[in-house]
Amino acid sequence: MTRPAAATPWWRDAVCYELYPRAFADADGDGVGDLPGAARRLDHLAWLGVDAVWITPFYPSPLADGGYDIADHTAVAPELGGDPGFTALVERAHALHLKVLIDLVPNHVSDRHPWFRAALAAGPGAPQRDRFLFRAGRGAGGHLPPNDWRSAFGGPAWTRVTEPDGTPGAWYLHLHAAEQPDLDWRDPEVARDFERTLRYWLDRGADGFRIDVAHALFKEPGLPDAGPGQHTDLSRNHLLPYYDRDELHPLFRSWRAVLDSHPAPPGAVAPADRLLVAEAAVFDAGRLARYVRPGEMNQTFTFDLLECGWHAGEIRAVAERSAAAMASVGAPVTWVLSSHDAIRPVTRYGGGPAGLRRARAAALLMLALPGAAYVYQGEELGLPQAELPDSALRDPLWERSGHRERGRDGARVPLPWQGDEPPYGFSTAAPSACWFPQPPDWGPLSVAAQRCDAASTLRLYRWALRLRRELLSGGGSLTFDGPPGGDLLSFPMGDGTARCLVNFGPDPVPLPDGAELLVASAALTADDRIPTDTAVWVTLPQR
């Protein structure tokens with residue numbers, strides 16, 4: 001199907017594909033995915049029918065946190081293809097009419113970054129330390145952290161340094177791994193440098209940016225204690241002194257101004273069409289909507305759908321609350337079911353055939369909702385979370401939790417492209433040399449196998465994405481049919497031409513009278529009823 005002429009910005013109902021380079025495709029045979037490999041496989045995204053590709057960090061990094069510990073924000077890691085690899089990927093994406101979003105990581109840098117090395121070498125009180133949050137410790141001799149803040153990866157959010165003269169010194173803040181020191185966004189040089197970074201990648205052809213932990217850049221002055229419940233009660237995130245501070249919004253307005261005015265190179269979108277999307281783990285819908293007020297971001301991920309269980313009432317409440325909050329500022333909801341940081345839906349919804357069935361239904365549900373949507377690589381294949389041996393785990397959550405949390409590595413296993421055994425066309429390297437080991441039973445889940453199977457999850461996604469272009473092109477608001485309660489969710493799509501129905505109950509339910517089936521996440525029963533854990537899109541007779 002061909003998308004009708006757009007009356008609204010492309011990003012309001014776009015579907016974007018998240019590409020994690022080291023696990024996508026390997027071109028040089030070293031076992032690690034790279035940008036040239038990604039460029040060769042972009043045809044898969046065009047065939048699937050997405051509008052844009054978001055590429056997670058490809059910068060030089062010691063890989064203490066999967067590439068989000070960045071040593072140089074304006075360079076491409078040599079092992080990922082260097083500058084030529086990035087240029088070729090952008091050119092190929094634009095030739096396929098795919099927009100390119102890249103990750104901007106402004107909250108922290110790698111401890112190998114030249115700024116942090118200079119700060120350590122300069123010693124106490126040096127101006128080089130003003131770019132970070134160095135503070136004296138509490139207690140006798142400063143042996144305790146400056147406050148009670150906790151790292152999102154477990155343990156204290158502070159590490160004490162040894163000064164150049166060999167004595168124990170100040171502590172520095174890291175809301176994530178110790179190898180990721182937080183920047184102090186009240187230092188003017190930090191803001192100036194990131195504006196230069198934005199302009200650099202716009203000149204290289206980026207069509208927009210996904211802003212990593214966008215809610216965390218500014219910390220409450222004085223760095224007061226945060227109290228109990230940090231990183232455990234997500235509903236309180238916006239109340240923590242290191243999240244969701246008001247100073248964020250003038251900064252984002254300044255970034256919006258840069259994107260709206262900086263000239264575009266050939267092939268890239270016009271300045272007015274550039275996209276800023278926030279990764280803001282804020283679970284108060286009204287607070288989250290502040291990130292997408294006019295003149296700030298365009299999108300902000302709505303993680304509530306990913307976080308909630310497989311329950312009709314819970315999903316309806318999340319969808320209604322999110323839609324109302326975003327409508328209040330004139331922004332679309334940006335839906336996600338998966339990411340490189342989350343347990344894959346098939347496993348999250350129970351695993352096995354039941355988990356796959358629910359994941360397929362959830363996909364149709366998400367793609368039917370008004371707004372934008374993001375698909376994480378492998379989601380379109382129905383991949384489960386991979387079980388990795390302890391020896392393969394490298395997520396900092398594993399070590400910092402004392403081996404209690406296995407972390408996110410199971411969602412970052414290389415994609416299966418073809419064949420019956422690892423590495424499934426991901427690389428020419430031996431399976432043991434690949435980024436992570438792949439399960440031995442993923443052959444039927446490969447791209448090649450699923451393209452040949454009309455009932456596969458891949459073909460379901462492709463058909464749904466093509467239908468979505470037609471059915472949601474008119475926009476529309478979200479209104480569920482009937483009062484809350486019950487096991488059947490039903491709502492009109494777009495201009496009301498079609499409806500989405502999802503059966504969460506234990507028994508099959510009938511299609512509405514005269515309904516014409518467009519797509520279903522599972523086969524209907526012999527008497528044309530919707531089975532449990534199944535979503536359908538239908539059209540109804542015009543009255």
Side-chain angles (χ1 to χ4, degrees), residues 18 20 22-23 56-57 61-70 103 105 107-108 110-111 145 147-159 173-182 212-213 215-216 226-237 240 242-243 279-283 301 303-310 336-352 355 359 376-379 383-414 434-439:
E18 181 192 352
Y20 191 82
R22 289 177 170 84
T56 63
S61 170
L63 298 179
D65 180 25
Y68 280 89
D69 49 315
I70 295 168
D103 241 310
V105 185
N107 181 68
H108 46 260
S110 167
D111 61 356
N147 62 27
D148 71 346
W149 294 4
R150 307 290 293 174
S151 162
F153 293 161
W158 296 92
T159 291
L173 178 69
H174 52 88
L175 291 182
H176 297 86
E179 297 88 351
Q180 294 169 291
D182 279 35
D212 186 59
V213 289
H215 59 302
Q230 300 177 56
H231 312 301
T232 57
D233 183 0
L234 299 182
S235 66
R236 295 185 66 253
N237 272 6
L240 296 174
Y242 44 80
Y243 283 162
E279 184 214 21
V282 175
F283 292 88
F301 296 142
F303 290 116
D304 299 68
L305 184 63
L306 185 155
E307 293 288 342
C308 73
W310 185 248
V336 290
L337 284 175
S338 187
S339 81
H340 66 282
D341 285 331
I343 295 174
R344 288 191 176 277
V346 171
T347 301
R348 197 169 70 242
Y349 291 139
Y376 175 53
Q377 65 181 49
E379 187 180 335
L383 296 184
Q385 190 84 346
E387 292 291 335
L388 297 173
D390 293 357
S391 59
L393 298 178
R394 56 170 70 98
D395 192 326
L397 274 166
W398 174 241
E399 291 298 333
R400 290 183 66 86
S401 69
H403 295 179
R404 292 188 300 275
E405 295 186 44
R406 298 188 66 78
R408 303 156 293 174
D409 292 333
R412 303 175 181 185
V413 171
C434 288
W435 175 243
F436 280 116
Q438 298 159 298

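Fair warning: this is a prediction, and the values are worked out from it, not measured in the lab. Both backbone and side-chain heavy atoms feed into the values below; hydrogens, waters and symmetry mates do not.
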Asker: Could you check Trp398 against His403 for ring pair (Phe, Tyr, Trp, His ring centres under 6.0 Å), going step by step and ending with a plain yes or no?
Answerer: CA-CA 5 Å; Trp398 174 241; His403 295 179; 4.2 Å; yes
Asker: Could you report the tightest heavy-atom contact between Ala23 and Trp435, atom names first, then the distance?
Answerer: CB-CD1, 4.0 Å
Asker: How long is the straight-line distance from CZ of Arg344 back to OG of Ser339, given to the nearest 0.5 Å?
Answerer: 9.5 Å
Asker: Does Val336 reach the side chain of Tyr376, with side-chain heavy atoms less than 4.5 Å apart?
Answerer: no
Asker: To the nearest 0.5 Å, tell me how far Ile343 CD1 sits from Tyr349 OH.
Answerer: 12.0 Å
Asker: I'd like to know if Arg412 pairs up with Asp341 as an ion pair, taking the criterion as any Lys NZ or Arg NE/NH1/NH2 lying under 4.0 Å from an Asp or Glu carboxylate oxygen.
Answerer: yes
Asker: Kindly give the heavy-atom pair with the smallest separation between Asp69 and Ala64, and that separation in Å.
Answerer: OD2-N, 2.7 Å
Asker: Taking all heavy atoms of Pro181 and all of Ser110, pick out the closest pair and write down the distance.
Answerer: CD-C, 3.9 Å
Asker: For Glu307, does the CD atom sit with more than 12 other heavy atoms under 6.0 Å from it, leaving out its own atoms?
Answerer: yes
Asker: Which of these, Gln180, His231, His174, Glu399, sits in a side chain to side chain contact (heavy atoms under 4.5 Å, CB included) with Phe153?
Answerer: Gln180
Asker: Kindly compute the distance separating CZ (Arg348) from CD (Gln385), expressed to the nearest 0.5 Å.
Answerer: 9.5 Å
Asker: Determine the minimum heavy-atom distance between Thr159 and Ala178, stating which atoms define it.
Answerer: OG1-CB, 3.6 Å
Asker: Under 4.5 Å between any side-chain heavy atoms of Asp103 and Tyr68, yes or no?
Answerer: yes
Asker: Taking the side chain from Asp409 and the backbone from Asp395, do they hold a donor-acceptor pair closer than 3.5 Å?
Answerer: yes
Asker: If you look at every heavy atom in Ser338 and Leu306, which pair is closest and at what distance?
Answerer: N-CD1, 3.6 Å
Asker: How long is the span from the CG atom in Asp111 to the NE2 atom in His108, to the nearest 0.5 Å?
Answerer: 11.5 Å
Asker: Evaluate the side-chain proximity of Arg408 to Asp65: yes if any heavy-atom separation is below 4.5 Å, no if none is.
Answerer: yes
Asker: Got a donor-acceptor contact below 3.5 angstrom from the Asn237 side chain to the Val282 backbone?
Answerer: no
Asker: Between Leu337 and Pro345, what is the shortest heavy-atom contact and its length?
Answerer: O-CG, 3.5 Å
Asker: Using ring pair (Phe, Tyr, Trp, His ring centres under 6.0 Å) as the criterion, point out the one residue from Tyr242, Phe283, Tyr243, Phe303 that pairs with His215.
Answerer: Tyr243
Asker: To the nearest 0.5 angstrom, please state how far the NE2 atom of His176 sits from the CG atom of Asp212.
Answerer: 6.5 Å
Asker: Between atom CG of Leu397 and atom OG of Ser151, what is the distance when rounded to the nearest 0.5 Å?
Answerer: 8.0 Å
Asker: Is the side chain of Arg406 donor-acceptor paired with the backbone N or O of Leu388 at a distance under 3.5 Å, no angle test?
Answerer: yes
